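To start, the structure itself, in structure tokens.
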Amino acid sequence: MEKPTLPKGTRDFGPVQMNRRLKLLDTIRSVFRTYGFQPLETPAMENLSTLTGKYGEEGDQLLFRILNSGDFLKDANQEALTNGDFKKVSASISEKGLRYDLTVPFARYVVMNQHELAMPFRRYQIQPVWRADRPQKGRYREFYQCDADAVGTDSLICEAEIVQMIHLAFTKLGVKDFKIRINHRGILSALAAMAGAEGKEGQFFVALDKLDKIGTEKVLGELAERGISGPQTQKVMELIIAKPGNAVDLFNKLQEIFNDEGKRGINDLKEVYRLLGDHAGSGSLVFDLSLARGLSYYTGCIFEVTISNVAVGSVCGGGRYDNLTMAFGSKEKLSGVGISFGIDRIYDALEELGLFGTDDHYGTRVLICHFDERTRDFAFGLVTQLRSAGIACEVYPDVAKLKKQLDYANRRGLPFVLIVGEEEMTSGKLTLKDLRSGTQQTLPVELIAQTIG
RNA sequence: GUGAAUGUAGCUCAGUAGGUUAGAGCAUCAGAUUGUGAUUCUGAGGGUCGCGGGUUCGAGUCCCGUCUUUCACCCCA
């Protein structure tokens, strides 16, 4: 018998982790709900035709494909097989795949239900996604995304709301030191044009995005390797690294030198900043010309959130996409904008920062201990009573030594035990022990719930 | 997908230039203690040394392959 193992890049979540994850998810869910997003779930698997071509070539390679059921060899493309054309072979034996993100399935859903939905449609979605990536720190093959998207409106109110939601979520989670970086696809295009990267925008973006990681010199070096160099490139780089204190001043300056695409970007950002004003969230917002992340489908504002002093990469990302629904044959152009929280990385970050409290209101609050069958039966009545008062509690199911019962409560990390013996039964006053402080007191039943709740 | 490192008890790790029966701490279980845990004492259980092959009289130790985990690149939550 082989030792059981998990597939690469996947994990089990035990009770301690799950309680924390649930807390995290509940926090984000409550933020989404207060901003008026409605819940949606879609299947883990989609038709491959829905997924391919939406994430660029890299993305297509990272899709988990599902082998057709039955005798898939029967329908395999024999010609491709003999020629060693793996792409064609793959297409002939696999027609479904696991979802790579939540945005594309959402766009598919919107197009399929366009006439039933009240536009603009705002939905949130919390489900796992899968990527056939090589795992490393903060990178898994199965992980959860928490998405909130709004489609059917161009209003930049949505972008402003995204900033506010991010701010609210991280504040609620106890994270103080985080940055919401914002940029715009139009601005990036303008920069690329000015730098002489026509037709090489993608390569320009990839190199530019590494700026804070590898520095100006290396970025210029990488650009040169790809044939993007010269005085204009140098000039654009100087523009990017210059960081005046005031974002609005920078907007005005850039507006004079940008092309139309760039001006559109500046106008969008100005509007987002104006809407946010002094509201919560504006303080953590950072306009960053080097932010060039972005799935191939973003067309407007783009966002990314990082937590300072934690090396887990970006914990949240998103942006506006204008053409995604058209990729599914929608005649109407539906603009959408959304954000995705990566809770696996947020979990890792919170753990690294020690932000998970020890007080865990998700689990059992109290274990009822006893000494023999008579007191155990009494304890069972008690547990029923406490539960109807909304207290999460348990009775130790076996007759056992008190030491064993306390050990059990201790191992479980329970905050309280209630000890029921002959004395307690006759007096009606119960012994409540606080396992964290080691103190105990005797209380009438009626007061137990409010003391430990 | 490319390049590197790692793997010994449930956990953290020792293990000497290949040499008898592979060790420690913590954890677990039982008992000192028939109404008090996280502190003390005593004892017990627990290891195909990741897996497969090779070199050797002999491999935890050397070589090859493979898997896992980790790190960098690519890209990303």
Side-chain angles (χ1 to χ4, degrees), chain A residues 1-11 28 55-63 86 99-103 126-147 166 202-203 205-207 209-210 213-214 218 222 292-296 302-307 310-319 338-349 367 369-372 375 396 399-425 430-440 442:
Chain A
M1 186 67 186
E2 235 174 276
K3 273 186 202 166
T5 55
L6 286 173
K8 191 200 287 266
T10 66
R11 301 146 303 152
I28 291 170
Y55 310 105
E57 204 169 319
E58 277 286 339
D60 283 359
Q61 283 182 355
L62 296 180
L63 286 174
F86 98 94
R99 71 166 103 76
Y100 176 93
D101 72 0
L102 301 178
T103 310
I126 299 177
Q127 290 189 276
V129 303
W130 295 269
R131 295 182 188 179
D133 215 349
R134 188 173 288 202
Q136 52 181 274
K137 188 178 174 73
R139 174 178 297 187
Y140 308 99
R141 287 185 145 186
E142 178 184 62
F143 61 97
Y144 269 69
Q145 289 194 331
C146 310
D147 277 36
I166 293 169
Q203 297 179 44
F205 296 157
V206 167
D209 187 52
K210 297 180 190 167
K213 204 171 176 183
I214 63 176
K218 286 189 177 170
E222 239 178 78
R293 295 286 168 108
L295 299 159
S296 34
I302 54 179
F303 302 96
E304 180 172 286
V305 182
T306 49
I307 298 178
V310 177
V312 293
S314 73
V315 290
C316 191
I339 189 73
S340 180
F341 288 81
I343 71 144
D344 300 83
R345 284 186 176 180
I346 295 174
Y347 183 102
D348 291 348
L367 176 76
C369 306
H370 43 76
F371 297 95
D372 48 35
T375 48
Y396 195 85
V399 173
K401 285 182 189 168
L402 187 57
K403 173 177 157 54
K404 194 169 177 182
Q405 300 180 54
L406 288 172
D407 269 332
Y408 175 74
N410 205 45
R411 269 189 84 175
R412 287 273 305 272
L414 306 183
F416 296 102
V417 292
L418 214 42
I419 299 166
V420 179
E422 289 295 333
E423 296 164 32
E424 285 84 354
M425 263 176 67
L430 307 171
T431 302
L432 178 69
K433 179 165 180 133
D434 185 328
L435 287 176
R436 294 162 303 186
S437 65
T439 57
Q440 63 185 52
T442 51

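What you see is a predicted model, and the numbers here were worked out from it, not measured in a lab. All chains are named by letter (A, B, ...) in the order of the sequence lines, taking the proteins before the strands, and each is independently numbered beginning at 1.
Here B:A38 sits opposite no nucleotide as a Watson-Crick or G-U wobble pair (both hydrogen-bonding atom distances under 3.5 Å). When both distances must be under 3.5 Å, the Watson-Crick or G-U wobble mate of B:G7 is B:C67. With a 3.5 Å ceiling on both atom-pair distances, B:C49 lacks any Watson-Crick or G-U wobble partner. Pair check for B:U2 finds B:A72; Watson-Crick or G-U wobble, both atom distances under 3.5 Å. In this structure, B:C29 and B:G43 make a Watson-Crick or G-U wobble pair, each of the two defining distances being under 3.5 angstrom.
Distance CG (A:Asp407) to P (B:U33): 17 Å, rounded to an integer number of Å. Atom CG of A:Asp348 and atom C1' of B:C76 are 15 Å apart (whole Å). A:Glu58 places its CD atom 14 Å from the P atom of B:C73, with the value rounded to the nearest Å. Atom-to-atom, CG of A:Leu62 to P of B:U2 comes out at 14 Å; the value is rounded to the nearest Å. Summarising the geometry, the separation between CZ on A:Arg411 and C1' on B:G10 is reported as 10 Å, rounded to the nearest angstrom. The CG-C1' distance, from A:Leu414 to B:G37, rounds to 11 Å in whole Å. Taking atom CG on A:Leu102 and atom C1' on B:A77, their separation rounds to 10 Å, with Å as the unit. The CD-P distance, from A:Gln136 to B:U68, rounds to 15 Å in whole Å.
With hydrogens and angles left out, the side chain of A:Gln405 and the base of B:U36 share no donor-acceptor pair within 3.5 Å. Below the 3.5 angstrom threshold, one finds a donor paired with an acceptor across the side chain of A:Arg134 and the base of B:G3. Residue-to-nucleotide contacts include a donor-acceptor pair under 3.5 Å from the side chain of A:Lys433 to the base of B:U36. You'll find a donor-acceptor pair under 3.5 Å spanning the side chain of A:Asn410 and the base of B:G37, going by distance alone. Residue-to-nucleotide contacts include a donor-acceptor pair under 3.5 Å from the side chain of A:Arg345 to the base of B:C76. With hydrogens and angles ignored, a donor-acceptor pair under 3.5 angstrom links the side chain of A:Glu424 to the base of B:G35.
Side chain of A:Asp133 to main chain of A:Pro135: no donor-acceptor pair is present (N/O by atom type, distance under 3.5 Å, no hydrogens or angles). In this structure a side-chain-to-backbone donor-acceptor pair under 3.5 Å is present from A:Arg345 to A:Ser314. For the pair A:Gln405 (side chain) and A:His370 (backbone), a donor-acceptor distance under 3.5 Å is present. Looking only at distances, a side-chain donor or acceptor of A:Asp344 sits under 3.5 Å from a matching main-chain atom of A:Tyr144.
By the 30° and 60° cut-offs, the orientation of the rings of A:Tyr408 relative to A:Tyr396 is perpendicular.
Where A:Leu6 and A:Glu222 meet RNA chain B, the nucleotide closest to each residue was compared, and A:Leu6 sits on the side nearer the 5' end. Closest-nucleotide positions on RNA chain B for A:Asp133 and A:Gly9 were compared, and the one nearer the 5' end corresponds to A:Gly9.
Under the 4.0 Å criterion applied to side-chain N and carboxylate O atoms, A:Asp407 and A:Arg411 are not assigned as salt-bridge partners. Salt-bridge check for A:Asp101 with A:Arg131: failed, with every basic side-chain N at 4.0 Å or more from each acidic carboxylate O.
With C1' as the reference atom, B:U6 and B:C49 are 15 Å apart, rounded to whole Å. Between the C1' atoms of B:U56 and B:C73, the separation comes to 40 Å (whole Å). With P as the reference atom, B:G46 and B:A32 are 23 Å apart, rounded to whole Å. Between B:G65 and B:G10, the two C1' atoms lie 30 Å apart (nearest whole Å). Spacing of C1' atoms, B:A59 relative to B:U16, comes out at 15 Å, to the nearest Å. Annotation: B:A5 and B:A9 have their C1' atoms spaced 24 Å apart (nearest Å). The C1' atoms of B:G45 and B:C51 are separated by 27 Å, rounded to the nearest whole Å. Comparing the P positions of B:A44 and B:G23 gives a spacing of 14 Å, expressed to the nearest Å.
Applying the 4.0 Å criterion to OP1 and OP2 of B:U28, one finds that A:Lys404 has every side-chain N and O outside that range. Between A:Lys210 and B:C74 there is a side-chain polar atom (N or O) within less than 4.0 angstrom of OP1 or OP2. For A:Lys403, no side-chain nitrogen or oxygen approaches OP1 or OP2 of B:U36 to under 4.0 Å.
Backbone-only engagement by A:Val206 is indicated by non-hydrogen atom pairs under 4.0 Å involving sugar-phosphate atoms exclusively. If you check every strand for non-hydrogen atoms under 4.0 Å, A:Gly421 touches a base. At the heavy-atom level, A:Gln61 lies nowhere under 4.0 Å from the strands shown.
Centre separation under 5.5 Å together with a plane angle under 30° does not hold for the ring of A:Phe341 and the six-membered base ring of B:A77, so they are not marked as stacked.
For A:Glu424 and A:Thr431, the side-chain atoms include at least one donor-acceptor pair closer than 3.5 Å.
Checking B:A30, B:U36, B:A77 against every side-chain atom of A:Tyr140, the shortest atom distance belongs to B:A77. In the set B:C75, B:G35, B:U36, the nucleotide with an atom closest to the side chain of A:Leu406 is B:U36.
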